[in-house]
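Take a look at the structure set out below.
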Protein chains: 2
Amino acid sequence: MHSRGASAHVYPIKRFHMKKPSATIRDVAALSGVSVATVSKYINGTKRFTEPVEAKLKAAIEQLGYQSNPLARSMVTKQTRTIGLTILDISNPHFTNVVKGANRVALRHDYTLLLVDVEETQARERPLVEALARRVDGLILSSRLPEEESQWLLDLDKPVVLLRRSDKLPIPSVGIDNRLATFMLTRHLLDLGHRNFAYLGFGQARINDERIAGVRDCLAEAGLELDVHDAHAPTTRAGEHACSRVMLGPRRPQAVICYNDLIALGFIKAATALGINVPRDVAVTGIDNVPYGEISAPSLTSVDTQSETMGEIAMQKLIDALSGKEEIEHVTIEPCLIVRESTHAA
Amino acid sequence: MHSRGASAHVYPIKRFHMKKPSATIRDVAALSGVSVATVSKYINGTKRFTEPVEAKLKAAIEQLGYQSNPLARSMVTKQTRTIGLTILDISNPHFTNVVKGANRVALRHDYTLLLVDVEETQARERPLVEALARRVDGLILSSRLPEEESQWLLDLDKPVVLLRRSDKLPIPSVGIDNRLATFMLTRHLLDLGHRNFAYLGFGQARINDERIAGVRDCLAEAGLELDVHDAHAPTTRAGEHACSRVMLGPRRPQAVICYNDLIALGFIKAATALGINVPRDVAVTGIDNVPYGEISAPSLTSVDTQSETMGEIAMQKLIDALSGKEEIEHVTIEPCLIVRESTHAA
DNA sequence: CTGAAAGCGCTAACAG
DNA sequence: CTGTTAGCGCTTTCAG
């Protein structure tokens with residue numbers, strides 16, 4: 001796999017990673033003529049010391065290039081200042097933004113992120129999370145497992161925050177109101193005068209059902225039916241593939257509500273290729289408000305899920321939990337309709 | 001920041017994280033009537049034992065729900081099975097793909113990724129990397145620091161792989177041939193008959209100069225000049241902003257070569273809004289071949305930098321280094337021209 | 001073929 | 001106000 005389109009120069013320089021045994025707290029203590037406890041306290045700022053002592057310590061640390069070993073520290077303090085984050089697919093801009101938000105508040109609180117993209121490892125999800133849990137102080141999980149099968153999360157004995165609203169488990173969660181999101185989109189499309197609706201979903205995601213329900217609820221008020229299709233993946237490619245099936249089938253819709261922006265963008269691309277104009281011939285909507293929906297042509301009507309904020313909130317919740325606040329809270333992020341060019345009056 | 005557009009239900013259930021002190025190797029030893037050494041060896045598969053002993057061990061481990069503590073293990077083995085990865089901006093699909101590739105081979109070798117998005121912390125880059133280095137076995141770095149100021153990387157005493165070709169330092173690196181990439185784009189545009197060229201770059205990135213050089217070299221052969229502009233950021237937004245400056249200035253170009261796809265996509269969006277048709281009025285190219293360039297309208301001519309492969313190679317290099325191979329190699333990924341709709345004959 | 005013991009580098013009581 | 005000491009949970013010689 002490494003040669004495909006890649007050439008390489010090999011420099012036969014053998015560089016020995018010299019085993020400079022990286023000074024320990026003991027070395028510092030010896031050099032500065034104090035005890036290890038003193039050094040430890042100084043380093044952690046647990047205590048201040050007399051002027052001359054501090055000077056000596058600073059000098060010794062400087063001279064030895066001492067850096068404390070976080071592992072040893074963690075070993076005794078039982079905390080790693082690391083948060084585990086599992087994401088379904090880092091290629092999806094929605095999750096990218098979640099990571100960005102989470103990372104930001106983590107850094108601010110001096111935590112680092114252990115990231116796992118579970119896409120590659122669906123089957124082994126549980127063992128993977130369990131392993132991850134042993135190396136971090138807390139976890140933020142975006143999982144595909146149904147809530148009913150997630151009891152074991154409680155046995156992790158580590159604070160967990162779920163990245164999607166879910167109140168069946170006594171675990172904090174943050175997510176968008178999916179029903180409301182699609183409800184808003186549907187209402188918007190109804191207002192534009194559309195009557196034939198199709199939903200292009202992603203059945204494997206559990207929130208898919210909530211999104212369908214939102215559409216159905218809104219259509220029901222108008223006495224309308226919904227055609228449901230499945231894109232098999234939450235990607236642009238899947239959206240492209242599904243397009244002909246949706247548009248060239250028996251009941252051609254005037255409006256297509258997609259599971260997310262990626263599917264919608266792919267759908268629009270394929271529709272255009274088929275000579276179907278968006279939004280003139282068909283209105284298309286997505287969900288997530290990913291950056292590319294703004295610059296695509298036509299730009300994409302969507303619902304903002306505040307992905308970055310979601311990451312921030314999740315991380316903040318976790319850090320709160322880590323500092324003792326044990327309240328279990330289910331945060332619902334309010335969706336916000338973003339009307340752009342891909343939807344137009346019928 | 002947490003209340004913006006978010007409502008919450010608070011469940012006042014107080015769940016005590018019971019201090020189930022999570023069984024240690026000692027407990028297992030006691031329960032199964034052997035010594036800790038034996039348990040350790042069994043767990044690590046270092047040694048096999050007689051049938052009855054193994055059975056006892058398995059039972060005890062099962063019963064106690066024992067899971068080994070990776071921290072304690074790392075403490076003595078001096079390896080964490082964790083790789084540190086710093087990325088300039090996780091929002092950029094190029095880096096996203098690098099992460100994906102890296103993550104894939106990491107998982108395959110039973111390593112996990114410690115991810116840091118340095119965008120938020122440009123100034124503190126060095127201390128941040130140093131801190132990171134103490135918690136991982138090796139590092140993959142995408143840095144903005146000039147090579148000359150990166151000597152200190154050698155003092156980390158940990159294997160490092162740089163995410164951009166750079167042979168001034170005795171550190172393995174992997175990156176694209178930037179000169180060649182823009183050279184190819186320029187040649188392509190020349191072949192299409194364009195004569196007025198502009199380059200819309202991102203001056204803060206060091207590879208920017210290499211990319212300019214590639215364009216210049218190619219244009220020089222044709223005796224042509226190049227107008228160089230700067231977008232201030234490697235983002236779609238920056239591309240949008242820069243568009244009017246480039247297109248409505250004194251020398252309107254027929255072809256614009258952008259620093260990356262994001263800038264190019266933003267540029268096209270803004271040009272279209274200005275009533276300038278791409279590719280009829282101006283040809284536009286990007287670099288990276290991000291997924292959205294394929295579905296944008298017009299789709300984007302670009303150069304594939306094989307971001308995911310890049311991540312894979314970088315990780316593989318690092319893992320090789322970790323297992324003793326000390327050769328310092330500079331891998332150059334060959335760019336590959338992807339012609340799409342945004343470039344057209346003059 | 002198994003076990004006892006010596007730490008890894010650090011923190012946190014508890015003494016002095 | 002500083003130092004001594006006892007581990008954290010695990011691996012690893014080295015005896016038995």
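Any value given below was found using the heavy atoms of this structure, including those in side chains, with hydrogens, waters and symmetry copies removed.
For the pair A/N69 and C/dC8, the criterion of a side-chain N or O lying under 4.0 Å from OP1 or OP2 is not met. Using a 4.0 Å cut-off, some side-chain N or O of A/T38 falls inside it from OP1 or OP2 of D/dG3. Distances shorter than 4.0 Å separate none of the side-chain N or O atoms of B/T24 from OP1 or OP2 on D/dG9.
The nucleotide whose nearest atom lies closest to any side-chain atom of B/V36 is, among C/dG3, D/dG7, C/dA5, C/dA5. In the set C/dG3, C/dT2, C/dA13, the nucleotide with an atom closest to the side chain of B/A37 is C/dG3. Here the side chain of B/M75 is nearest to one of C/dC10, C/dT2, D/dG9, namely D/dG9.
Residue contacts shown for A/T50 are limited to sugar-phosphate atoms, with no base heavy atom under 4.0 Å away. At a threshold of 4.0 angstrom between heavy atoms, the contacts of A/T46 with the nucleic acid are absent. Residue A/S74 is out of contact with every strand shown, counting any heavy-atom pair closer than 4.0 Å. Residue B/Y66 is classed as a sugar-phosphate contact, given heavy-atom separations below 4.0 Å to backbone atoms only.
Per the geometry, CZ belonging to B/R26 stands 9 Å off C1' belonging to D/dC10, to the nearest Å. The interatomic distance linking B/I25 (CD1) with D/dC10 (P) rounds to 5 Å, in whole Å. When the P atom of D/dG3 is taken as reference, atom NZ of A/K41 falls 9 Å away, rounded to whole Å. In this structure, CG of B/L71 is placed 12 Å from C1' of C/dG9, rounded to the nearest angstrom. If you take CZ of B/R81 and P of D/dT11, they are 13 Å apart, rounded to a whole angstrom. Here the C1' atom of nucleotide D/dC10 and the CD1 atom of B/I61 are 14 Å apart, to the nearest Å. Regarding B/K47, its NZ atom lies at a distance of 11 Å from the P atom of D/dT12, rounded to whole Å. Spacing between atom CZ of A/R135 and atom P of D/dC10 amounts to 14 Å, rounded to whole angstrom units.
With salt bridges taken as basic N to acidic carboxylate O contacts below 4.0 Å, none links A/K100 and A/E312.
Contact detail for B/D117 and B/L88: the closest heavy-atom pair is OD1-O, 3.3 Å. Counting all heavy atoms, side chain and backbone alike, B/E125 lies closest to B/R144 at OE2-N, 3.8 Å.
Counting only distance, with no hydrogens or angles, the side chain of B/T46 and the backbone of B/Y42 share no donor-acceptor pair below 3.5 Å. No donor-acceptor pair closer than 3.5 Å links the side chain of B/T96 to the backbone N or O of A/S91.
A donor N or O paired with an acceptor N or O is not found under 3.5 Å between the base of D/dG9 and the side-chain atoms of A/K78.
Map B/S35 and B/R134 each onto its nearest nucleotide of DNA chain C; the residue landing nearer the 5' end is B/S35.
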